[in-house]
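See structure below.
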Amino acid sequence: METRESTQDAAPDAPPFPRIISVDDHTVEPPQVWQDRLPAEYRDRGPRIVRAPLKEMTFLGGKFAPIMGEKGDDGPIGDWWVYEDLHRPLTRLDTAVGYARDEIKLEVITYEQMRRGSFSVPDRLADMDVNHVQSALCFPTFPRFCGQTFTEAPDRDLGLLCVRAYNDWMVDEWCGPAAQGRLIPLPLIPLWDPELAAAEVRRNAARGVRAVAFSEIPPYLGLPSIHSDDWDPFLAACDETGTVVAMHIGSSSKMPSTSADAPPAVGSTVTFANCCFSMVDWLMSGKFERFPNLKVMYAEGQIGWIPYILERADVVWEENRGWGGVADKVHRPPSELFADHVFGCFFDDAFGLRNLDAIGVGNVLYETDYPHSDSTWPKSRQVGEEQMGHLAPDVVERIVRGNAIDLLGLTKDGLWAGPGAR
């Protein structure tokens with residue numbers, strides 16, 4: 001793995017780099033998450049791990065398409081999540097830390113072939129220590145980034161049980177006593193029913209949870225847009241409980257690309273694009289004025305693109321008010337709404353940090369993306385030192401941990417204090 005020179009070595013009198021609170025890491029769910037929690041009659045259709053060969057796998061035009069082979073077929077062996085008719089393999093891209101860049105390829109793997117910190121709490125804490133990370137908010141893997149796996153399955157009763165089982169595992173085990181308050185829970189909602197979603201937000205808020213995963217562009221999942229009133233019960237619950245709406249790139253199951261045959265490198269370069277589209281949706285939706293306590297964050301979206309979008313949105317809001325369709329519901333400039341409600345998250349964005357004054361110190365969060373292929377582990381501190389060396393220590397403190405503490409309702413020491421956390 002490429003090493004980065006630490007600026008702390010070059011400036012010995014500088015204050016130590018703050019312990020990182022990462023607002024975008026990932027968990028690879030252990031095999032028994034659902035089998036241990038679903039009623040017996042659902043376990044043969046609920047999520048379970050099957051070891052099987054790979055028949056075919058492509059990732060073109062932003063679409064990931066794996067095909068599982070039969071036992072005895074030729075092909076590399078991997079562990080597959082099987083859920084109703086869905087077959088989804090574990091891949092090297094799910095858990096790439098510890099491997100050289102040239103060794104990170106689109107291939108199936110088993111649990112034994114991944115770094116244990118991907119799914120084991122004690123090993124995750126050890127890897128966080130190596131990376132100067134104190135606390136981490138983790139998005140899911142098999143359910144995908146906002147639980148859309150359970151939305152796509154035909155049996156909604158089973159889907160709801162799966163959502164609740166995941167959330168119970170997330171709160172009680174992944175973020176339970178063994179995590180010492182260092183892992184921050186991020187539950188899912190049943191996306192197909194905003195009333196059930198609101199109930200799940202409140203159920204988890206009562207356990208001290210202050211964030212929930214959501215889709216960056218719900219219509220890509222066949223769901224209503226945020227311009228409609230359909231999501232209002234869910235948004236009201238978030239507004240009421242102080243629950244942050246966390247949206248990860250890819251949470252619309254459609255990564256940005258340009259053509260059906262575009263290589264993954266195209267989509268990887270423009271991964272921020274859906275965040276950009278989504279943020280404009282929210283700024284022009286009127287939801288921030290209807291739900292004044294609502295906060296949203298964009299995981300892995302980076303921040304360098306934000307200043308121009310805010311500038312353009314303000315111009316459109318002002319100059320196109322006669323025909324733009326938002327004059328009756330958006331009564332403040334979008335840039336003001338952004339300052340009060342939106343948070344951008346980055347792990348490697350020197351350009352964005354050079355333009356921090358156009359974004360807002362209070363609207364930026366730091367992340368490490370462990371254990372994904374883009375992760376800066378184990379050099380996240382060094383990356384931060386390099387890219388934030390021009391900033392005042394109090395600004396660095398806010399970006400690296402202070403803003404996350406305030407947004408996610410953590411203790412002053414940066415820990416989650418929910419039931420059983422410590």
Side-chain angles (χ1 to χ4, degrees), residues 1-25 96-97 100-101 104 130-134 136-137 247-250 255-256 264-276 279 297-312 335 338-339 342-404 407:
M1 178 176 290
E2 179 185 356
T3 60
R4 301 172 186 261
E5 182 181 354
S6 168
T7 58
Q8 190 158 322
D9 294 337
D13 296 331
F17 195 76
R19 289 285 300 281
I20 297 166
I21 297 178
S22 174
V23 296
D24 171 30
D25 284 0
V97 292
R101 292 294 178 184
I104 301 172
V130 167
N131 201 31
H132 199 65
V133 173
Q134 178 188 21
L137 181 80
M247 295 171 283
H248 195 284
I249 59 166
M255 292 298 288
V266 173
S268 186
T269 301
V270 296
T271 52
F272 71 91
N274 281 351
C275 295
C276 173
M279 190 179 81
M297 56 167 272
Y298 288 100
E300 207 173 326
Q302 312 298 346
I303 60 174
W305 53 273
I306 291 175
Y308 170 71
I309 293 299
L310 294 180
E311 178 183 75
R312 176 61 182 166
S335 60
F338 172 89
V342 183
F343 295 79
C345 312
F346 77 99
F347 58 79
D348 190 353
D349 192 340
F351 180 84
L353 289 167
R354 289 197 299 271
N355 293 276
L356 189 60
D357 58 340
I359 302 169
V361 171
N363 298 86
V364 174
L365 306 167
Y366 198 41
E367 60 182 62
T368 77
D369 197 30
Y370 179 106
H372 282 185
S373 60
D374 273 338
S375 178
T376 50
W377 186 92
K379 302 293 184 182
S380 300
R381 182 177 97 173
Q382 288 88 330
V383 173
E385 288 172 338
E386 286 181 354
Q387 297 191 352
M388 300 183 214
H390 64 292
L391 299 174
D394 63 320
V395 172
V396 176
E397 175 79 18
R398 286 188 66 186
I399 293 171
V400 173
R401 56 185 291 113
N403 290 336
L407 181 65

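In this text, all values refer to a predicted model and were calculated from it rather than measured experimentally. Along the sequence shown, the residues carry numbers beginning at 1.
Here Asn131 contributes atom CG and Lys379 contributes atom NZ; the two are 9.5 Å apart, rounded to the nearest 0.5 Å. To the nearest 0.5 Å, atom CG of residue Leu353 and atom CE of residue Met388 are 5.5 Å apart. Rounding to the nearest 0.5 Å places CD1 of Ile21 at 10.5 Å from CG of Leu137. Annotation: the span from Trp305 atom CH2 to Asp349 atom CG amounts to 10.5 Å, rounded to 0.5 Å. The OH atom of Tyr298 lies 10.0 Å from the CG atom of Asn274; values are rounded to the nearest 0.5 Å. Once rounded to the nearest 0.5 Å, the distance linking CD1 of Ile359 with CD1 of Ile309 reads 12.0 Å.
In terms of heavy-atom proximity, Gly301 sits nearest to Cys275 at CA-SG, 3.7 Å. A pairwise comparison of heavy atoms in Arg101 and Ser375 identifies NH2-O, 3.3 Å as the closest pair. Nearest approach of Val23 to Ala404, heavy atoms of both residues: CG1-CB, 3.9 Å. Shortest non-hydrogen contact noted between Ala96 and Ser373 is CB-CA, 3.6 Å. Scanning all heavy atoms of the two residues, the minimum distance from Phe351 to Gly304 falls at CE2-O, 3.7 Å. In terms of heavy-atom proximity, Met279 sits nearest to Leu310 at CE-CD2, 4.0 Å.
Looking only at distances, a side-chain donor or acceptor of Asn363 sits under 3.5 Å from a matching main-chain atom of Val342. A donor-acceptor pair under 3.5 Å is formed between the side chain of His132 and the backbone N or O of Phe17. Listed for the Asn403 side chain is a donor-acceptor partner under 3.5 Å among the backbone atoms of Val364. Between the side chain of Asp369 and the main chain of Glu300, no donor-acceptor pair closer than 3.5 Å is present. When atom types are taken as modelled, the side chain of Thr269 and the backbone of Ala265 share a donor-acceptor pair closer than 3.5 angstrom. Judged purely by atom type and a 3.5 angstrom limit, His372 has no side-chain atom pairing as donor or acceptor with the backbone of Val97. At least one donor-acceptor pair closer than 3.5 Å links the side chain of Arg401 to the backbone N or O of Arg19.
Aromatic ring centres of Phe346 and Tyr366 lie closer together than 6.0 Å.
Taking 4.5 Å as the limit, every side-chain heavy atom of Phe347 sits out of range of all side-chain heavy atoms of Val383.
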>> side-chain contact (heavy atoms from CB on, under 4.5 Å) for Trp377 and Val130? Distances and angles first, verdict last.
In response: CA-CA 8 Å; Trp377 186 92; Val130 167; 4.2 Å; yes

> Can you list the steps and then say if Gln382 with Thr376 is a side-chain contact (heavy atoms from CB on, under 4.5 Å)?
Replying inline: CA-CA 9 Å; Gln382 288 88 330; Thr376 50; over 6 Å; no

> Can Leu391 and Leu356 be said to form a side-chain contact (heavy atoms from CB on, under 4.5 Å), step by step?
Replying inline: CA-CA 9 Å; Leu391 299 174; Leu356 189 60; 4.1 Å; yes

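Side-chain atoms of Thr368 and Asp25 include a donor-acceptor pair closer than 3.5 Å. Looking at Gln387 and Asp348, their side chains do bring a donor and an acceptor atom within 3.5 Å of each other.
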